[in-house]
Structure formats: structure tokens, C-alpha cells
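Keep in mind that what you see is a predicted model, and the values were worked out from it rather than measured. Positions are given from 1 along the sequence.
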Amino acid sequence: MEKNKSYFLEIEQYCEEMCAQTSNIGTFVPLSDRDVENKVTGTNPGPFFILIAYRGALNENRQRTLSKKTLTFAILLKAPHDNANQQREAIDRAEWIGLNIMAKIDLDSINGTPDWMKNAFIKESVVYDEMQYENFPGLFGMEFNVDLNVKNNLKYNPEFWK
């Protein structure tokens, strides 16, 4: 019997591996406040890719079940709290980095790399806003939201219910 597929760890690993492929992202921070605190404080210069939220929803037609995954991440850079010009430059650079990430997600969706990404990217779902990370003053950038439609064979598993 096919199991119901979860994607959280695969998507988190995908994001981490994507960040490792560029020198324009200094640090990947997984979905955890403890990790954020450990990685953004001190002398780590960034830029930071911070996975903020992961949401799922099921969509169905009779042939298959799709699972829409909504990822929220931030690209943040350090800037002095009293220097508005550097803050704006950080926000501008974060937008540039984020749009390059979207281009990579689009390419991976076209190529099916990894295989669960095949045709998953929903380009018109992408929205982004400027942000200042409230828990850590001095971090400025952009928050991005993107939807991915991944296959999810939603099957009843009697073994689970024993």
C-alpha cells in the first residue's frame, strides 16, 4: 500500500541545498526560533535565508490528489538601525536575491529536479513584501511566499489504524 507522502523535510532540505549552491546567501536558517537566534546573532554577516512558515492544503480531482505547499521565507541582511540608506540597500539586495531564488525554483520545476518538483511551481502565487525582523533588530530584507503543487497519493492505510 502506498503511504501518504509528507514533504516538510524534503522541502527544507531542498531550500538548504539551494542556498549552498550560491555565494549570495551566507546562511540557511531552518524553521526554528532557536536556529534563528543561534545563526543571526554575533559576527555572522549573512545574507540569511530564513524559512519562516510551511503550510499545506489538499486539492483533488478524481485522478489524483495534489498537495499545495506554501513556503514563507525571508532574505535578510544586517544593517545599522540608524542608517536608513543601508537599510534600503539591504531591502533592495534581498529582493534581488529572492527573485533569483524564484528563477531557480522555476527552473527546477521545469526540469523536475528533484523529481517531486516537476511542474510544481505556481509562478502567479509568488508575493513578497519588505520586512524588518522584529525579534532581531538590525535585520532588513524581504519576505517571500510561494506555492508549490506536489503530488500526494492520499490513500487509506489500514496498517496505520491497527
Side-chain angles (χ1 to χ4, degrees), residues 6-59 66-150 152:
S6 60
Y7 284 93
F8 175 77
L9 290 176
E10 286 186 61
I11 290 174
E12 185 179 70
Q13 180 181 1
Y14 170 79
C15 291
E16 184 172 15
E17 289 173 358
M18 182 173 47
C19 291
Q21 295 172 12
T22 178
S23 61
N24 289 293
I25 300 171
T27 303
F28 169 77
V29 183
L31 190 63
S32 162
D33 285 338
R34 173 177 279 135
D35 285 329
V36 172
E37 184 174 357
N38 290 338
K39 292 189 177 188
V40 303
T41 57
T43 59
N44 190 341
F48 303 96
F49 178 112
I50 301 174
L51 191 54
I52 295 174
Y54 171 90
R55 292 179 297 280
L58 295 177
N59 302 312
L66 293 175
S67 181
K68 181 173 77 172
K69 306 300 183 187
T70 301
L71 302 179
T72 303
F73 65 88
I75 302 298
L76 297 171
L77 295 97
K78 290 183 177 180
H81 71 279
D82 59 351
N83 189 323
N85 285 336
Q86 284 185 339
Q87 292 169 12
R88 287 194 302 278
E89 288 171 9
I91 292 165
D92 187 68
R93 182 153 183 239
E95 181 180 18
W96 175 77
I97 291 169
L99 292 174
N100 277 283
I101 289 169
M102 291 304 155
K104 171 80 166 109
I105 291 171
D106 187 32
L107 180 65
D108 289 347
S109 177
I110 291 166
N111 293 333
T113 308
D115 61 343
W116 57 264
M117 273 289 286
K118 185 68 175 172
N119 298 321
F121 182 53
I122 305 171
K123 193 180 296 186
E124 61 272 10
S125 74
V126 175
V127 293
Y128 52 98
D129 298 290
E130 106 181 56
M131 76 171 293
Q132 178 177 352
Y133 206 104
E134 293 176 7
N135 294 342
F136 301 98
L139 289 178
F140 299 87
M142 295 292 251
E143 179 179 292
F144 290 82
N145 292 280
V146 59
D147 291 340
L148 302 172
N149 248 349
V150 296
N152 196 333

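Considering only residues two or more places apart in sequence or on other chains, Thr27 meets the side-chain contact (heavy atoms from CB on, under 4.5 Å) condition with Val29, Lys39, Asn44, Phe48. With sequence neighbours excluded, the residues satisfying side chain to side chain donor-acceptor pair (under 3.5 Å) with Ser67 are Lys69. In this structure Asn83 satisfies the side-chain contact (heavy atoms from CB on, under 4.5 Å) test together with Pro80, Asn85, Gln86, sequence neighbours excluded. Not counting sequence neighbours, the partners of Gln132 by the side-chain contact (heavy atoms from CB on, under 4.5 Å) test are Phe140. Scored by the salt bridge (Lys or Arg N to Asp or Glu O under 4.0 Å) test, Asp92 finds no partners at all (sequence neighbours excluded). A search for side-chain contact (heavy atoms from CB on, under 4.5 Å) contacts involving Val126 returns Met102, Phe121, Tyr128, Val146, not counting sequence neighbours.
Distance alone, capped at 3.5 Å, is enough to place a donor-acceptor pair between the Lys118 side chain and the Ile110 backbone.
Lys123 NZ: 12 or fewer foreign heavy atoms inside a 6.0 Å radius.
In this structure, the separation between CH2 on Trp116 and CG on Leu148 is 6.0 Å, given to the nearest 0.5 Å.
Of all heavy-atom pairs between Tyr54 and Leu71, the closest is CD1-CD2, 3.6 Å.
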* Asked: Given the rule in the side-chain hydrogen bond (donor to acceptor under 3.5 Å, both in side chains) test, do Asp147 and Thr70 qualify, once you have shown the distances and angles that lead to the verdict?
  -> CA-CA 4 Å; Asp147 291 340; Thr70 301; 2.6 Å; yes
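Looking at heavy atoms from C-beta onward, Leu77 lies out of side-chain contact with Glu89 at the 4.5 angstrom threshold. Side-chain contact between Ile97 and Thr22 is absent, with no heavy-atom pair separated by less than 4.5 Å.
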